Amino acid sequence: MKILIVGGGGREHALAWKCASDDGAAALYCAPGNAGTAALATNVPLNADDVDGLARWAAEQRPDLTVVGPEAPLCAGLTDRLEAEGLRVFGPTAAAARLEGSKAFAKEIMQAAGTPTAAAQRFTDAGRARQYVRETGAPVVIKADGLAAGKGVIVCDTVEAAEDAVDRVLTERAFGAAGSCLLVEECLTGEEVSILALVDGEHVQLLASSQDHKRVFNNDEGPNTGGMGAYSPAPAAGEALWPVIREQVFDRTLAELKRRGIAYKGVLYAGLMLTADGPKVLEYNCRFGDPETQAILPRVAGGLVPALNACIDGTLDRTPLAWRDEACVCVVMASGGYPGRYRKGCVITGLNEADALEDVVVFHAGTRLQDGDTVTAGGRVLGVTALGAALEDAVRRAYYAISKITFDQAQYRTDIAAKAMPSARREGME
Ligand code: AMP
Ligand code: GLY
């Protein structure tokens, strides 16, 4: 079997690793991949957002399955293009990917579906948006409508900050076309969890719960990042909540899309706030989370590829995933300075020693091969991932593995999963 994985981050290394362990004989391709995927797959020098180049490559090479990692090619219609070539693709069409590509569209669907979410109003006019902010007061959240690389959400503690945010989005166009409209949204409080589900157009299969750590520093301080670590399961999203999440979030939203003639196939990722009034959706993503995927896939006991194929064929109800009981933790090692400016090209040592540890996998993100060395090539460099009987064990193993790895100015959080530990809860460190 020939499989193309689109993307070059830790999520895509985890997908390639899982596909390789499912079928050792599969011919894997990763576009563009990284130094980690190069050990399992053939890296194809095409960027994930080069939809034309990827469509040409796939039309010639005819992969049996294409798995799309990031949102940009999905929103730009890569799935539609490849399906038009008669190819099999795991990932939603552009029409379905709008759940992530337009926050106003996602909100409209949720409101029509009765999916619990923060109250919000849509604006294209800065004056009207500012007036609304003054009427509703703070705290309040300003969200640019379109894809803004995770930077288009501004949580504002004061009315002044919210008015500034409105101006940045709508007047200064700080997020470009993504800011042609915005949402002014009610600020929710509670614990955040990520619930991802496989969807085949008809059936929904929830994946293990997880939680990521978006701020760069310990105790959730400092600026937002792409994610500094993740763990699974997330005890905050206990199984008692699952029927509620399945029905109110996934079933209602997918039914509303279907009413509009949109069949959703792929992963649907719900970012949820567990509020005092129950779970509410903060955002939808149309893809696997990064770094949640690195903490989820090692817990899948059997094959993943059959379930991905079942999403394409509409047979997900007959293809349940099996799960390991162990917990999994992924700690991201990033370049010093990230998410701001950082150096590239620093030599990474200790990778083999860390990888050789039992139940440890080092997923690469921003890495590349240079003269026989593995060097840093991005902000998030590695996702050091470990399984353990309980979260505590997985955490201990992940940090032990990290102690083997060095590169200049490496930075990582030392509190990944700490707030989920029973001991932390007892000590009131939540
Ligand atoms: P998003 O990209 O929509 O997930 O937003 C990024 C982050 O902003 C989320 O992980 C939350 O921490 C925060 N956020 C988004 N929407 C809200 C909201 N309505 N209330 C409070 N925080 C929010
Ligand atoms: N971990 C957040 C995301 O993938 O969007």
Side-chain angles (χ1 to χ4, degrees), residues 7 9-12 14-15 48 68-72 74-75 97 99-107 110-111 115-121 133 136 138-157 161-162 165 169 175 178 182-196 207 209-216 220-232 234 267-277 279-297 330 332 334 339 363 365 379-380 383 416:
R11 164 183 54 206
E12 288 76 21
L15 285 165
V68 186
E71 63 278 14
L74 291 166
C75 292
L99 271 189
E100 176 165 1
S102 166
K103 291 183 193 297
F105 174 75
K107 190 65 72 175
M110 286 188 271
Q111 286 171 344
T115 294
T117 183
Q121 290 282 336
V133 162
T136 51
V140 70
V141 184
I142 306 297
K143 296 187 171 183
D145 177 54
L147 293 182
K151 298 194 175 76
V153 174
I154 308 153
V155 180
C156 305
D157 292 330
V169 175
F175 306 105
L182 58 70
L183 294 179
V184 179
E185 191 166 293
E186 168 198 11
C187 190
L188 301 175
T189 53
E191 192 157 343
E192 283 185 58
V193 294
S194 305
I195 302 290
L196 285 66
L207 302 182
S209 61
S210 57
Q211 192 171 55
D212 81 351
H213 298 63
K214 288 191 170 138
R215 303 297 195 93
V216 69
D220 294 330
E221 285 170 14
N224 262 321
T225 68
M228 294 299 288
Y231 60 92
S232 173
V267 183
L268 182 55
Y269 162 148
L272 301 176
M273 187 80 93
L274 303 179
T275 73
D277 299 330
K280 295 192 179 183
V281 177
L282 294 176
E283 62 164 346
Y284 280 124
N285 295 320
C286 62
R287 51 169 175 83
F288 282 108
D290 188 341
E292 288 94 330
T293 304
Q294 293 88 307
I296 291 173
L297 292 187
C330 168
V332 170
F363 293 122
R380 290 190 294 171
I416 299 302

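Atoms within each ligand, like the ligands themselves, are counted from 1 in listed order. Predicted, not measured: the structure shown is a model, and the values here were computed from it.
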Of all the non-hydrogen atoms in the protein, which one sits nearest to [atom], and at what distance?
atom: atom 2 (O) of ligand 1; result: Glu283 OE1, 3.3 Å
atom: atom 22 (N) of ligand 1; result: Met273 CE, 4.0 Å
atom: atom 8 (O) of ligand 1; result: Val153 CG1, 3.5 Å
atom: atom 12 (O) of ligand 1; result: Glu192 OE2, 2.4 Å
atom: atom 13 (C) of ligand 1; result: Val155 CG2, 4.0 Å
atom: atom 23 (C) of ligand 1; result: Leu282 CD2, 3.9 Å
atom: atom 20 (N) of ligand 1; result: Leu188 N, 2.8 Å

Checklist entry - In order of chain and number, which residues sit within 4.0 Å of ligand 2 by heavy atom? => result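 If the criterion is a heavy atom under 4.0 Å, then ligand 2 touches Asp212, Tyr269, Asn285, Arg287, Gly289, Asp290, Pro291, Glu292.
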Item to check | Pairing residues for Arg287 by the salt bridge (charged side-chain N to carboxylate O under 4.0 Å, His left out) criterion, not counting sequence neighbours | outcome: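 Checked Arg287 against salt bridge (charged side-chain N to carboxylate O under 4.0 Å, His left out); matches are Glu71, Glu100.
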At a 4.0 Å threshold, what atoms of ligand 1 neighbour a non-hydrogen atom of [X]?
X: Ala118; value: 19 (N)
X: Glu186; value: 18 (C), 19 (N), 20 (N)
X: Lys214; value: 4 (O), 10 (O)
X: Glu185; value: 16 (N), 18 (C), 19 (N)
X: Lys143; value: 3 (O), 15 (C), 16 (N)

Checklist entry - Among Lys107, Glu185, Gln111, whose side chain to side chain donor-acceptor pair (under 3.5 Å) with Thr117 holds? => result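 The passing option is Lys107.
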Checklist entry - Below 4.0 Å from any atom of ligand 1, is there a heavy atom belonging to Cys187? => result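 The answer is yes: ligand 1 sits under 4.0 Å from a heavy atom of Cys187.
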Item to check | Glu192: partners by side chain to side chain contact (heavy atoms under 4.5 Å, CB included), with sequence neighbours left out | outcome: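 Lys214, Met273, Leu282.
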Item to check | Sequence-distant partners of Glu186, side chain to side chain contact (heavy atoms under 4.5 Å, CB included), two or more places apart | outcome: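 Result, side chain to side chain contact (heavy atoms under 4.5 Å, CB included) vs Glu186: Ala118, Ala119, Leu188.
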Item to check | Minimum heavy-atom distance Pro291-Arg380, with the two atoms named | outcome: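 Heavy atoms only, the tightest pair is CD-NH1, 3.8 Å.
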Next on the checklist: Assess whether a salt bridge exists between Lys143 and Glu283, defined as any Lys/Arg side-chain N lying under 4.0 Å from an Asp/Glu carboxylate O.
Outcome noted: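 Looking at Glu283 together with Lys143, the answer is no, because their closest N to O distance does not fall below 4.0 Å.
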